[in-house]
K.L.:
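My questions will all concern the structure given below.
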Amino acid sequence: MKTSAFAACLLLALLEVAPPVSAQPPADPVAALVDHLDLERYKATIKGLTQFGDRRQGTARNRAALDWIEAQLKSYGCTNTERLRYDFTEPNKRGPVQLQPVRAGGPAAQGGGTLFGKRAPIGVNTDPMAQPDERLRALNAEQTPLGTSPRESVYCTKVGATRPDEMYIVSAHMDGIGFGEAANDDGSGTALVMELARIFSLPAVATERSIRFILWNNEETGLNGAHAYVAQRKDLQGIESPKGSGRYPEPRWLGMIQHDMLLFDHGMPVPKLDAAGKAVLDARGQPVYTAPKEQRAEADVNVEFQVNAKFAEGAAKLAWHLRAANEKYATDYPVAVGNRMTNTDSTPFMDVVPAISVRENERGMQIGAGWNPHWHQPTDLYSTYSDKDFLLGLNAAQTTLAAVAQLTGASIKP
């Protein structure tokens, strides 16, 4: 047989036994899940939360918001909702934060670091008359009752198909203060967690590991809801109950991702100007600083861990995993990783499990320096924020959803 004839016969034989080459690469389930996020739907969930005003803990509007959140979770298919119950005593009013001595760049920030650059005043509005909207002022009229009374946080769980005994916690706090609508603090984080619960609860979506979606209460009073969860459930991790059932009421925690304030990254405060374009001065004759009006072009999602936590190494790995997920799946804003997580519901977890915080700015060094003038103010309203602001929150959702889908082995059934 001639060489050319032999080669032709061999080629035909190979074609008969070789599997056909697929023209399309296998679909990426993570990308498909991220595609389920929608800006208008995210905004609508935030808008739904604002119907309850600032959702101050211990009030009827706070309890109504919890009921609404639970009903929404059930409507998404995350039907195994539960409440964490604990008692809370309204504390004495907290005094001003005491910062450490001034460093080379400026005062020390909470959680570590330094307050560099220009700073704007921060605080909590306690004056109902500072809210010009009479309807909203009436809605927020009830204040937290004195004494000890019960509180609740609500959560639901996506049970893992092959590793139900292992779990990632995805959370935000649903309470707020300041006589506004708490649209950003923390309607933006609450809506993110609810949107992720909706997508992971779609009938075709499966995960190898479990995911728990938690909406904390009492964050504004000192992270009390998160502290109560750790105290009540830390020692229940990974215990099968009833034995032999394959059910794990508290799967072993693999990581905790908290979301708090996600809309506003307008940059370092700038001089406030009057109607004539002149700098506004304070009583000492010094310029008054406030945030720029527009979202800055270089806005980013801040992912923080605490360098002094017992699980700092694991938390750092988790933070960088979110950064990598953002680079692959987010559409508009990047992630910046920091190591000074503080004053957030991931703090009670940080010495028990790798825990990180997802925010619009660094909590200690930027929000603590007045980068968000609506923080705890009557102006924290849905109408305050533009689509560019809401888009920052959506990119945070894309980031966490993609990272958690990877970490839990998410797949989509055909």
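Just so you know, residue 1 is the first one in the sequence shown, and it goes up from there.
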K.L.:
Taking only Lys NZ, Arg NE, NH1 and NH2, and the carboxylate oxygens of Asp or Glu, determine whether R284 and D282 approach each other closer than 4.0 Å.
P.N.:
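Between D282 and R284 there is a salt bridge, with a charged N closer than 4.0 Å to a carboxylate O.
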K.L.:
Are side-chain N/O atoms of N125 and Q377 paired as donor and acceptor at under 3.5 Å?
P.N.:
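Judged by distance alone, the side chains do not pair up.
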K.L.:
Any side-chain heavy atom of F213 within less than 4.5 Å of one from K158?
P.N.:
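Yes, close enough: below the 4.5 Å cut-off.
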K.L.:
Give a yes or no on whether the backbone of G147 and the side-chain of T89 come within a donor-acceptor separation of less than 3.5 Å.
P.N.:
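Pair absent, no side-chain N/O of T89 close to backbone of G147.
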K.L.:
With side chain to side chain contact (heavy atoms under 4.5 Å, CB included) as the criterion, how do S346 and M341 come out once you've worked through the C-alpha distance, each side chain's angles and the decisive distance to 0.1 Å?
P.N.:
CA-CA 8 Å; S346 44; M341 182 184 78; 3.1 Å; yes
K.L.:
Is there a donor in the side chain of T342 and an acceptor in the side chain of Q110, or the other way round, less than 3.5 Å apart?
P.N.:
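No - no donor-acceptor pair under 3.5 Å links their side chains.
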K.L.:
Do D380 and Y385 have side-chain atoms, one donor and one acceptor, less than 3.5 Å apart?
P.N.:
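The criterion, which ignores hydrogens and geometry beyond distance, is satisfied for Y385 and D380.
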K.L.:
Applying the side chain to side chain contact (heavy atoms under 4.5 Å, CB included) criterion to Y155, which one of V193, L84, L215 satisfies it?
P.N.:
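With Y155 as partner, V193, L84, L215 yield a single side chain to side chain contact (heavy atoms under 4.5 Å, CB included), made by L84.
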K.L.:
Between the side chains of D186 and T190, does any donor sit under 3.5 Å from an acceptor?
P.N.:
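Distance-only check fails for D186 and T190.
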K.L.:
Within the distance-only criterion (no hydrogens, no angle test), does the side chain of Q131 pair as donor or acceptor with the backbone N or O of P378 below 3.5 angstrom?
P.N.:
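Indeed, once roles are kept as given, a pair shorter than 3.5 Å links the two residues.
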K.L.:
Would you check if F52 and N62 make a side-chain contact, meaning some heavy-atom pair closer than 4.5 Å?
P.N.:
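With C-beta onward as the side chain, the pair stays apart.
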K.L.:
Please list, one pair per line, the donor and acceptor atoms closer than 3.5 Å that link side chains of residues 291-298 to other protein atoms, with sequence neighbours excluded.
P.N.:
{"residue": "Q295", "atom": "OE1", "partner": "D265", "partner atom": "N", "Å": "2.6"}
{"residue": "Q295", "atom": "NE2", "partner": "L263", "partner atom": "O", "Å": "3.1"}
{"residue": "Q295", "atom": "NE2", "partner": "K388", "partner atom": "O", "Å": "3.4"}
{"residue": "Q295", "atom": "NE2", "partner": "D389", "partner atom": "OD1", "Å": "3.3"}
{"residue": "R296", "atom": "NE", "partner": "D265", "partner atom": "OD1", "Å": "3.0"}
{"residue": "R296", "atom": "NE", "partner": "D265", "partner atom": "OD2", "Å": "3.4"}
{"residue": "R296", "atom": "NH2", "partner": "D265", "partner atom": "OD1", "Å": "3.3"}
{"residue": "R296", "atom": "NH2", "partner": "D265", "partner atom": "OD2", "Å": "3.3"}

K.L.:
If you compare all heavy atoms of G255 against all heavy atoms of V353, which two are closest, and at what distance to 0.1 Å?
P.N.:
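In terms of heavy atoms, the two residues are closest at N-CG2, 3.6 Å.
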K.L.:
Where the side chain of N361 meets the backbone of I367, is there a donor-acceptor pair that is under 3.5 Å apart?
P.N.:
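Answer holds: no.
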K.L.:
Any donor and acceptor pair, going by atom type alone, linking the side chain of T59 with main-chain N or O of R56 inside 3.5 Å?
P.N.:
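Looks like yes, one N/O pair under 3.5 Å.
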K.L.:
Are side-chain N/O atoms of E195 and H36 paired as donor and acceptor at under 3.5 Å?
P.N.:
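Note: E195 and H36 side chains miss the donor-acceptor criterion.
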K.L.:
Given side chain to side chain contact (heavy atoms under 4.5 Å, CB included), test F200 with L401 step by step and report yes or no.
P.N.:
CA-CA 9 Å; F200 278 107; L401 190 154; 4.1 Å; yes
K.L.:
Which heavy-atom pair separates Y76 from R41 by the least distance, and what is that distance?
P.N.:
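Reported closest heavy-atom pair: CE2-NH2, 3.9 Å.
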K.L.:
Indicate yes or no: at least one non-hydrogen side-chain atom of Y42 is less than 4.5 angstrom from one of L192.
P.N.:
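They are in contact (side-chain heavy atoms under 4.5 Å apart), so the answer is yes.
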K.L.:
May I ask you to decide if D54's main-chain N or O and N140's side chain share a donor-acceptor pair within less than 3.5 Å?
P.N.:
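Yes: the side chain of N140 pairs with the backbone of D54.
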K.L.:
Looking at every non-hydrogen atom in both residues, tell me the closest pair between I46 and S188 and how far apart they are.
P.N.:
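The pair with the smallest heavy-atom distance is CD1-CA, 3.9 Å.
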K.L.:
With no hydrogens and no angle check, is any side-chain donor or acceptor of T347 less than 3.5 Å from a backbone partner on T344?
P.N.:
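At least one qualifying donor-acceptor pair exists.
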K.L.:
Does any donor atom in the side chain of R151 or S149 lie under 3.5 Å from an acceptor atom in the other side chain?
P.N.:
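Result is yes, a qualifying pair exists.
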K.L.:
Please report the closest heavy-atom contact between T157 and C78, naming both atoms and the distance.
P.N.:
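Scanning both residues completely, I find the closest heavy atoms to be N-SG, 3.8 Å.
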K.L.:
Please find the pair of heavy atoms, one from Y86 and one from G225, that lie closest to each other, and give the distance.
P.N.:
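The answer is OH-CA, 3.5 Å.
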K.L.:
Just to verify, what does R63 make a salt bridge (charged side-chain N to carboxylate O under 4.0 Å, His left out) with, not counting sequence neighbours?
P.N.:
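Applying salt bridge (charged side-chain N to carboxylate O under 4.0 Å, His left out) to R63 gives none.
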K.L.:
Set out, in order, the CA-CA distance, both residues' side-chain angles and the distance that settles side chain to side chain contact (heavy atoms under 4.5 Å, CB included) for V288 and L281, then state yes or no.
P.N.:
CA-CA 6 Å; V288 175; L281 305 180; 5.8 Å; no
K.L.:
Do V352 and Q237 make a side-chain contact, defined as non-hydrogen atoms from C-beta onward lying under 4.5 Å apart?
P.N.:
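Side-chain contact under 4.5 Å: yes.
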K.L.:
Could you tell me whether the side chains of E304 and N339 share a donor-acceptor contact shorter than 3.5 Å?
P.N.:
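Their side chains do not contain a donor-acceptor pair, so the 3.5 Å distance test is not met.
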K.L.:
Go through the structure and list residues passing side chain to side chain contact (heavy atoms under 4.5 Å, CB included) with D87, not counting sequence neighbours.
P.N.:
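Partners of D87 by the side chain to side chain contact (heavy atoms under 4.5 Å, CB included) criterion, ordered by chain and then number, come out as T148, P150.
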K.L.:
Does D260 have any side chain to side chain donor-acceptor pair (under 3.5 Å) partners at least two apart in sequence or in another chain, and if so, which?
P.N.:
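So D260 forms a side chain to side chain donor-acceptor pair (under 3.5 Å) with H173, R359.
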K.L.:
In terms of relative ring orientation, are W216 and Y229 parallel, tilted or perpendicular, with 30° and 60° separating the classes?
P.N.:
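Taking Y229 first and then W216, their aromatic rings stand perpendicular (interplane angle over 60°).
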K.L.:
I'd like to know if the side chain of R55 reaches the main chain of L49, judged simply by a donor and an acceptor atom lying under 3.5 Å from each other, with no hydrogens or angles considered.
P.N.:
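Confirmed, R55 side chain pairs with L49 backbone.
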K.L.:
Decide whether N224 and T221 meet the rule of one side-chain donor and one side-chain acceptor closer than 3.5 Å.
P.N.:
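Note: N224 and T221 side chains meet the donor-acceptor criterion.
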K.L.:
Enumerate, atom names and distances included, each donor-acceptor pair closer than 3.5 Å involving a side-chain atom of residues 405-414, sequence neighbours excluded.
P.N.:
{"residue": "Q406", "atom": "OE1", "partner": "H321", "partner atom": "NE2", "Å": "3.1"}
{"residue": "T408", "atom": "OG1", "partner": "V404", "partner atom": "O", "Å": "2.7"}

K.L.:
Any donor-acceptor pair under 3.5 Å linking the side chain of R119 with the backbone of P269?
P.N.:
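Absent.
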K.L.:
Have Q143 and E90 got a donor and an acceptor in their side chains that come within less than 3.5 Å?
P.N.:
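Looking only at side-chain atoms, E90 and Q143 do not form any donor-acceptor pair under 3.5 Å.
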K.L.:
Going by distance alone, is a donor N or O of one side chain under 3.5 Å from an acceptor N or O of the other, for D28 and Y329?
P.N.:
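The answer is yes; a qualifying pair exists.
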K.L.:
We want to know whether S171 and H259 form a side-chain donor-acceptor pair, criterion being a heavy-atom distance below 3.5 angstrom.
P.N.:
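Short answer, no.
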K.L.:
Hey, are the side chains of N372 and D185 touching, using non-hydrogen atoms and a 4.5 Å cut-off?
P.N.:
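Not in contact.
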K.L.:
Checking Q398 against D332 for the side chain to side chain donor-acceptor pair (under 3.5 Å) test, could you report, in this order, the C-alpha distance in whole Å, the side-chain angles of both residues, the deciding distance, and whether it holds?
P.N.:
CA-CA 10 Å; Q398 293 171 337; D332 301 275; 5.3 Å; no
K.L.:
Can D38 and R198 be said to form a salt bridge (Lys or Arg N to Asp or Glu O under 4.0 Å), step by step?
P.N.:
CA-CA 12 Å; D38 176 76; R198 175 182 67 84; over 6 Å; no
K.L.:
Could you go step by step and tell me if E360 and Q366 meet the side chain to side chain contact (heavy atoms under 4.5 Å, CB included) rule?
P.N.:
CA-CA 9 Å; E360 63 195 17; Q366 294 178 348; over 6 Å; no
K.L.:
Given 3.5 Å as the limit, does a donor-acceptor pair link the side chain of D133 with the main chain of L136, or not?
P.N.:
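Between the backbone of L136 and the side chain of D133 there is a qualifying donor-acceptor contact (under 3.5 Å).
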K.L.:
Does atom CD (E313) have a neighbourhood of more than 12 heavy atoms from anything else shown, all under 6.0 Å?
P.N.:
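Atom CD in E313 is not packed in, count stays at 12 or less.
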K.L.:
Does a side-chain N-to-carboxylate-O contact under 4.0 Å join E40 and K43?
P.N.:
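Yes, this pair counts.
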K.L.:
Would you say the side chain of I69 lies within less than 4.5 Å of the side chain of M174, judging by non-hydrogen atoms?
P.N.:
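Touching, per the 4.5 Å side-chain cut-off.
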K.L.:
Looking at N217, is its backbone amide N or carbonyl O close enough to the side chain of S153 to form a donor-acceptor pair, meaning the two atoms are under 3.5 Å apart?
P.N.:
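Yes, S153 side chain to N217 backbone: donor-acceptor pair under 3.5 Å.
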K.L.:
How would you list, by chain and number, every residue that makes a side chain to side chain donor-acceptor pair (under 3.5 Å) with T379, sequence neighbours excluded?
P.N.:
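Checked T379 against side chain to side chain donor-acceptor pair (under 3.5 Å); matches are H374.
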K.L.:
Between R163 and E208 (salt bridge meaning N to carboxylate O under 4.0 Å), is one present in this structure?
P.N.:
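Salt bridge between R163 and E208, a charged N being under 4.0 Å from a carboxylate O: no.
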K.L.:
Any heavy-atom pair between the side chains of E70 and C156 that's under 4.5 Å?
P.N.:
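C156 does not reach E70 side chain to side chain.
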K.L.:
For a quick test of reading the model, state the closest non-hydrogen atom pair linking V34 to A402 and the distance between them.
P.N.:
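So the two residues come closest at CG2-CB, 4.0 Å.
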K.L.:
Supply the atom-to-atom distance K317 NZ to L322 CG, rounded to the nearest 0.5 angstrom.
P.N.:
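It comes to 15.5 Å.
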K.L.:
Less than 4.5 Å apart, side chain to side chain, heavy atoms only: is that true for L33 and V205?
P.N.:
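The answer is yes; the side chains approach within 4.5 Å.
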